[in-house]
Chemist: 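This structure is in structure tokens; I'll ask about it shortly.
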Amino acid sequence: MRKLWQLSLLTLLMLALFAAPAFALAHVQDDAGLFSASEAEQVEQALLDAEELCPGYSFFVLTTDDTQGMSAREYADEYYDVTWGYSSGTLFLIDMDNREIYLCTTADAEAIFGSGDIDDVLDAAYDPISRGDYAGCAIAYAESASAIIHAESNSGSSVAPYPPGYDYNDYYQPQPQNPIARFIHNLTGQKLLIAFGVAAAVAAIFAASTVSSYKSVNHSGSEYPLSSRSDLQLTEQSDTLVGNVVTHRVIPQNNNNGGGGGGHHVSSRGISHGGGGRKF
Amino acid sequence: MAVYSYKCPNCLGPLAFDPDSQTFSCEYCLGSFTKAEIEASHIHTEAEQISDAAEAAALNATAEAAEMLLYRCPSCGAQVVTDATTAADTCYYCHNHIMLEGRLGGEYAPARIIPFAISKEQAQQRFFDWVKSKSFVPKSFFSKKQAELISGVYFPYWINDVDLYASANGRATDVNVWRAGNIEYTRTKTYRLRRAGNIHFEDITNLALSGVDRELVTAVQPFDPAGMRPFEMPYLSGFVAKRRDIEAEQLQDEVERKIHDYSAELLRDSVSGHGSVSMEEPQVQIKNLTWDYTLLPVWVLTYRGADGKLYYYALNGQTGQLAGKLPVDKGKLSLTALGVFALTFILGVLIGGVL
């Protein structure tokens with residue numbers, strides 16, 4: 001009897017111990033403490049669903065209070081590089097320090113996500129977070145991002161500049177080492193044509209201007225030097241303000257930091273990412 | 001009419017006005033005299049006028065036959081014909097300098113003159129220096145022997161001084177653009193302008209002779225009014241002088257247009273501190289307009305080029321300003337243009353290969 005009690009107590013203790021790490025979820029790192037326990041579970045589930053929908057892609061939600069001086073993009077890139085390196089997936093950062101939501105895409109995901117797709121994800125995530133619903137924001141990311149990747153993978157057609165699973169080195173043409181060979185390699189036919197056109201234009205202008213200056217009577221000054229032979233005494237001088245109109249227009253803001261086309265850039269660790277962010 | 005000729009008090013040789021020294025020098029004994037000294041030594045004869053149309057036709061005259069003048073050279077007695085507008089010339093036979101008093105007197109008496117300040121040799125030298133500096137003139141074009149004729153001519157001008165009152169209205173617009181946050185503001189200020197005042201124009205110069213290349217002769221302007229002298233006949237000695245055949249009334253429209261344009265420019269220039277300014281046509285009230293009949297010095301040079309064509313040049317007899325059209329050595333120009341092309345192309349290729 002005593003042994004049964006000890007065994008069951010041990011079992012309960014061990015269960016409690018194993019249950020505790022449930023807070024350390026595989027797809028969520030809530031450093032800013034934005035999610036309650038149940039919310040974190042919901043977010044984790046949404047991310048698991050996303051990974052099931054898109055095999056081979058990782059999904060992750062990261063929150064932080066302090067980016068240690070980095071921008072949202074740099075912080076997200078750094079975390080991704082350290083954790084996964086160059087592998088296909090997306091990371092969603094809720095940055096309370098810069099007050100920005102940021103989507104980071106890598107490898108195949110970078111290829112799939114154009115700037116319109118990134119905007120779609122940010123739009124979906126912006127609504128909840130503007131209401132203070134952080135968990136809802138993260139779940140919106142999971143749903144919209146996975147939908148986009150799933151649609152791309154299934155459609156069979158790719159709008160990406162390179163097909164999924166490409167190796168950058170296959171397409172990169174290294175420059176010839178020899179400076180002369182590099183010079184000739186750099187000289188495309190188009191550049192030669194432009195040089196020819198510009199040279200022809202310059203020569204033609206030179207010839208035409210010389211002929212016209214020789215054929216025209218040499219007027220090197222004006223017939224009547226007005227300033228030295230005239231005198232004006234003003235009796236009336238008035239500048240009357242009759243109109244003062246101010247108009248304005250709103251300059252449309254570009255919410256994608258990092259340029260167009262999906263915000264392609266290379267992180268400080270040398271790994272290429274796409275992505276975009278929005279302040280909230 | 002009387003024909004005048006000035007003789008050297010020493011040797012009775014022909015006297016001419018020397019631009020270098022601005023005195024009168026004898027071409028034979030090289031003596032130099034002031035105007036006062038030679039006043040007494042002029043001789044004159046009476047000139048015969050041709051009135052017979054048949055005689056005029058026989059002389060192959062132009063439409064101005066009625067005014068063709070036949071006169072006897074006071075020195076050698078040769079019969080010389082001048083055209084309607086010549087008032088001073090040189091006898092072709094004995095090289096004496098003749099002034100036709102009738103064409104310089106009465107209503108045709110010039111009020112002022114700017115005497116030649118540049119001598120014949122200087123004029124020729126200036127011409128050759130100018131041609132030499134142009135690198136695309138055919139080498140064979142300029143040779144000293146080709147200067148066929150260079151003659152110093154006093155051309156007749158009507159010169160105006162004007163006092164007037166001009167007024168003009170206009171508009172000015174100033175645009176200011178600035179940003180605050182994500183909003184761009186544009187402020188447009190509009191002004192109504194008015195400028196009016198008294199204007200004085202000095203020495204508006206108008207050529208009073210037809211039958212010459214107006215563009216060429218006008219291109220050597222302006223003359224420096226500081227060189228103006230009251231007219232006296234001896235200045236013409238050694239040069240050709242032309243009498244006017246355009247009267248002041250015929251130039252009235254052109255002068256009024258010039259006055260209008262110059263006034264508009266002055267009033268426009270008095271506006272400052274605005275972005276874009278547009279002025280209306282000014283209202284001009286001329287209060288005083290004087291017409292001075294003046295003779296101004298121009299060297300006229302004809303040059304027969306290697307191609308056989310005759311080229312005309314004008315040179316300001318006071319300032320040395322040159323005007324005229326030059327032939328172009330097509331071969332040399334093409335070669336240089338090709339060189340420019342090659343250089344620019346090589347430069348373009350170099351830049352393209354490195355970028």
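Here is the naming used below: chain letters follow the sequence lines, and residue numbers restart at 1 for every chain.
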Chemist: With a 4.5 angstrom heavy-atom cut-off, could you sort out which part of B/Ala172 is near chain A: side chain, backbone, both or neither?
Modeler: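 Answer is neither: B/Ala172 stays 4.5 Å or more from chain A.
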Chemist: So what's closer than 4.5 Å to chain B heavy atoms on A/Tyr214: side chain, backbone, both or neither?
Modeler: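 Both parts, backbone and side chain.
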Chemist: Would B/Lys325 and B/Asp213 pass as an ion pair if we require N to O under 4.0 Å?
Modeler: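 The answer is no: the pair does not qualify as a salt bridge.
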Chemist: Between B/Lys330 and chain A, which part of the residue has a heavy atom less than 4.5 Å away: side chain, backbone, both or neither?
Modeler: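 Neither part.
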Chemist: Side chain, backbone, both or neither: which part of A/Thr240 has a non-hydrogen atom closer than 4.5 Å to chain B?
Modeler: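 Both backbone and side chain of A/Thr240 come within 4.5 Å of chain B.
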Chemist: Tell me whether B/Asp253 is salt-bridged to B/Arg257, with the criterion being a basic N under 4.0 Å from an acidic carboxylate O.
Modeler: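 Salt bridge between B/Asp253 and B/Arg257, a charged N being under 4.0 Å from a carboxylate O: no.
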Chemist: So which bits of residues 187-197 of chain B come within less than 4.5 Å of chain A, counting non-hydrogen atoms only?
Modeler: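 Contacts with chain A: B/Arg187, B/Thr188, B/Lys189, B/Thr190, B/Tyr191, B/Arg192, B/Leu193, B/Arg194, B/Arg195, B/Ala196, B/Gly197.
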Chemist: Among A/Ala203, A/Ala195, A/Ser227, A/Gly243, who wins on heavy-atom pairs under 4.5 Å with chain B?
Modeler: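 Greatest number of close heavy-atom pairs with chain B: A/Gly243.
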Chemist: Please state whether the side chain, the backbone, both or neither of B/Phe223 comes within less than 4.5 Å of a heavy atom of chain A.
Modeler: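 It is the backbone, since no side chain atom gets that close.
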Chemist: Can you tell me which portion of A/Leu226 sits under 4.5 Å from chain B's heavy atoms? Options are side chain, backbone, both or neither.
Modeler: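 For A/Leu226, the contact with chain B is made by the side chain alone.
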Chemist: Are A/Arg269 and A/Asp77 within salt-bridge range, i.e. N to O under 4.0 Å?
Modeler: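 Salt bridge: no.
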Chemist: Taking non-hydrogen atoms and a cut-off under 4.5 angstrom, which of residues 344-351 of chain B neighbour chain A?
Modeler: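 When heavy atoms of chain A are the reference, residues 344-351 of chain B contributes B/Thr344, B/Phe345, B/Gly348, B/Val349, B/Leu350 within the under-4.5 Å range.
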